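All remarks here apply to the structure that follows.
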Amino acid sequence: MNIIEKLNEAYIKQGAQEAKDAEGWFPRASGIGGCLREMAHKAAGFEQRPNSPETMRVFELGHQRGAKLAEVAKSVWPDAEAELEVRIELPDYPVPMLGHLDLWIPSERTIIDFKTAGSFKMGLLNEGSKEGAGEDYELQLQAYRHGIFWSKMSGGILSSIRCLLIFEAKDSDARKGVEAGQLAEVEVPYTEELEARYRARLEALVSILKARDAKTLEPTSVQGMPDPSKHWRCRMKGGVSRYCSIGPILGKCSK
């Protein structure tokens, strides 16, 4: 018996079941910054490609490390709450979007989202690069900020809530000064510009949901990633998208 083959078979079955469970797509805070065209295809009912065993194990490692870091953080800040569910109201739509915070520390007014990263990204963070807080993470943290504000701090000041990404290195690279297990912090501050982008994204999501409800949704009319022909998430290999969960079925979605 090939142990690895058997393990991968089990992950493939699990991935197929998760893809099936994803039917009836609805936006979540964790994915708010993703490709709108991909979301539109999911909303329209296109079958998603199941995650590969390798991708699923990477996600597992990230969740496991985040859970452990949250556990340790709770020993430092006893009032901290881990895996806290928040509701985010959508403009002119009856159903709220949900999100799960990795950690909320009321005494620090701080939201923390834990991420794992390879040595290349950690090296950039060591050099002071803000690349770690990309568009997707910024919008995700802004959604969490709103969720916490309305569920825990209504009547306070939205901008007073601090949002942090804590990255943990998955591997080492002495050339970049990175050690596996090293932590790096990136703050996502509140700005009017970020708030405007966040509200625009909510409105775009509501447009997709309303079009689906009215059965008029045409996913290819929805703007995808900025310059899809060049974006790394839209890369093709052998006629199949390498990173988009709907690309293999739709072919060259971004063209």
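Fair warning: this is a prediction, and the values are worked out from it, not measured in the lab.
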Please report the interatomic distance CD1(Ile208) to OG(Ser221), rounded to the nearest 0.5 Å.
9.0 Å
Do Ile32 and Val86 sit in the same hydrophobic cluster, where Ile, Leu, Val, Met, Phe, Trp and Tyr count as joined when their side-chain heavy atoms come under 4.5 Å apart?
yes
Using the salt bridge (charged side-chain N to carboxylate O under 4.0 Å, His left out) criterion, which residues pair with Arg162? Sequence neighbours excluded.
Glu185, Glu187
Could you check if a side-chain atom of Ile161 sits within less than 4.5 angstrom of a side-chain atom of Ile111, using non-hydrogen atoms only?
yes
Taking the side chain as every heavy atom from C-beta outward, state whether Arg197 and Leu139 have any pair of such atoms under 4.5 Å apart.
yes
Is Arg57 atom CZ crowded by more than 12 heavy atoms from other residues, nucleotides or ligands, each under 6.0 Å away?
yes
Is the closest side-chain heavy-atom distance between Met122 and Phe167 below 4.5 Å?
yes
Determine the minimum heavy-atom distance between Thr110 and Leu164, stating which atoms define it.
CG2-CD1, 4.0 Å
Indicate yes or no: at least one non-hydrogen side-chain atom of Pro53 is less than 4.5 angstrom from one of Leu7.
no
Any heavy-atom pair between the side chains of Asn51 and Phe59 that's under 4.5 Å?
yes
For a quick test of reading the model, state the closest non-hydrogen atom pair linking Ala82 to Ala70 and the distance between them.
CB-CB, 4.1 Å
Quick one: pull up OH in Tyr137 and SG in Cys163 and give me the separation to the nearest 0.5 Å.
15.0 Å
Please identify each residue that fulfils salt bridge (charged side-chain N to carboxylate O under 4.0 Å, His left out) with Glu108, with sequence neighbours left out.
none
Can you measure from CG (Leu205) to CZ (Arg28) and round to the nearest 0.5 angstrom?
13.5 Å
Verdict with reasoning, Arg201 to Leu36, per side-chain contact (heavy atoms from CB on, under 4.5 Å)
CA-CA 9 Å; Arg201 176 51 60 105; Leu36 280 172; 3.6 Å; yes
Using side-chain heavy atoms (C-beta onward) and a distance below 4.5 Å, is Leu183 in contact with Phe114?
no
Between CG of Leu69 and OG1 of Thr116, what distance do you get to the nearest 0.5 Å?
10.5 Å
Walk me through it: do Arg109 and Ser160 pass the test side-chain hydrogen bond (donor to acceptor under 3.5 Å, both in side chains)?
CA-CA 7 Å; Arg109 292 193 175 211; Ser160 71; 3.0 Å; yes
Minimal non-hydrogen separation, Arg145 against Pro189, with atom names
NH2-C, 3.8 Å
Under the side-chain hydrogen bond (donor to acceptor under 3.5 Å, both in side chains) test, residues paired with Glu179 that sit two or more places apart:
none
Would you say the side chain of Leu90 lies within less than 4.5 Å of the side chain of Leu209, judging by non-hydrogen atoms?
yes
Could you work out, with side-chain hydrogen bond (donor to acceptor under 3.5 Å, both in side chains) as the rule, every residue matching Thr191, not counting sequence neighbours?
none
Would a distance-only check, ignoring hydrogens and angles, find a side-chain to backbone donor-acceptor pair under 3.5 Å from Asp102 to Ile112?
no
Membership question, hydrophobic clusters at under 4.5 Å side-chain separation (ILVMFWY): are Trp150 and Ile105 in the same one?
no
The complete set of ring-ring contact (aromatic ring centres under 6.0 Å, His included) pairs with one or both residues in residues 171-197, sequence neighbours excluded, reads none
Output the distance between atom CG (Asp136) and atom OG (Ser30), rounded to the nearest 0.5 Å.
10.5 Å
Should Ile148 and Tyr144 be marked as a side-chain contact (heavy atoms from CB on, under 4.5 Å) after you check the CA-CA gap, both sets of side-chain angles, and the distance that decides it?
CA-CA 6 Å; Ile148 281 291; Tyr144 290 161; 5.6 Å; no
Considering residues, nucleotides and ligands other than Arg212, do more than 12 of their heavy atoms fall under 6.0 Å from its CZ?
yes
Under a 4.5 Å side-chain heavy-atom rule over Ile, Leu, Val, Met, Phe, Trp and Tyr, are Val206 and Leu98 clustered together?
no
For Leu217 and Ala43, which heavy atoms make the closest approach, and how far apart are they?
CD2-CB, 3.8 Å
Glu9: what forms a salt bridge (charged side-chain N to carboxylate O under 4.0 Å, His left out) with it, not counting sequence neighbours?
none
Tell me the ring-ring contact (aromatic ring centres under 6.0 Å, His included) pairs involving residues 67-97, sequence neighbours left out?
none
For the pair Asp113 and Leu141, evaluate side-chain contact (heavy atoms from CB on, under 4.5 Å) and give the outcome as yes or no after the intermediate values.
CA-CA 8 Å; Asp113 199 55; Leu141 268 292; 4.2 Å; yes
Output for pair (Leu125 CG, Leu165 CG), nearest 0.5 Å, gives 9.5 Å
Residues that Lys210 engages under salt bridge (charged side-chain N to carboxylate O under 4.0 Å, His left out), provided they are two or more places apart
Asp92
Would you say the side chain of Pro96 lies within less than 4.5 Å of the side chain of Ile88, judging by non-hydrogen atoms?
no
Looking at residues at least two apart in the chain, or sitting in another chain, which of them share a side-chain hydrogen bond (donor to acceptor under 3.5 Å, both in side chains) with Glu195?
Gln142, His146, Arg199
Give every residue pair that meets the salt bridge (Lys or Arg N to Asp or Glu O under 4.0 Å) criterion with at least one member in residues 68-83, sequence neighbours excluded.
Lys68-Glu71, Glu81-Lys152
Tell me whether Val76 shares a hydrophobic cluster with Leu103, the cluster being built from Ile, Leu, Val, Met, Phe, Trp, Tyr side chains joined at under 4.5 Å.
yes
Can you sort out the partners of Glu203 under side-chain hydrogen bond (donor to acceptor under 3.5 Å, both in side chains), two or more places apart, ordered by chain and number?
none
Can you see whether Thr220 engages Glu218 through a side-chain donor-acceptor pair at a distance of less than 3.5 angstrom?
yes
Closest non-hydrogen contact found for Ala143 with Ala29 is CB-CB, 4.0 Å
If you link ILVMFWY side chains whenever their heavy atoms are less than 4.5 Å apart, which other residues fall into the same cluster as Tyr11? By chain and number, please.
Met56
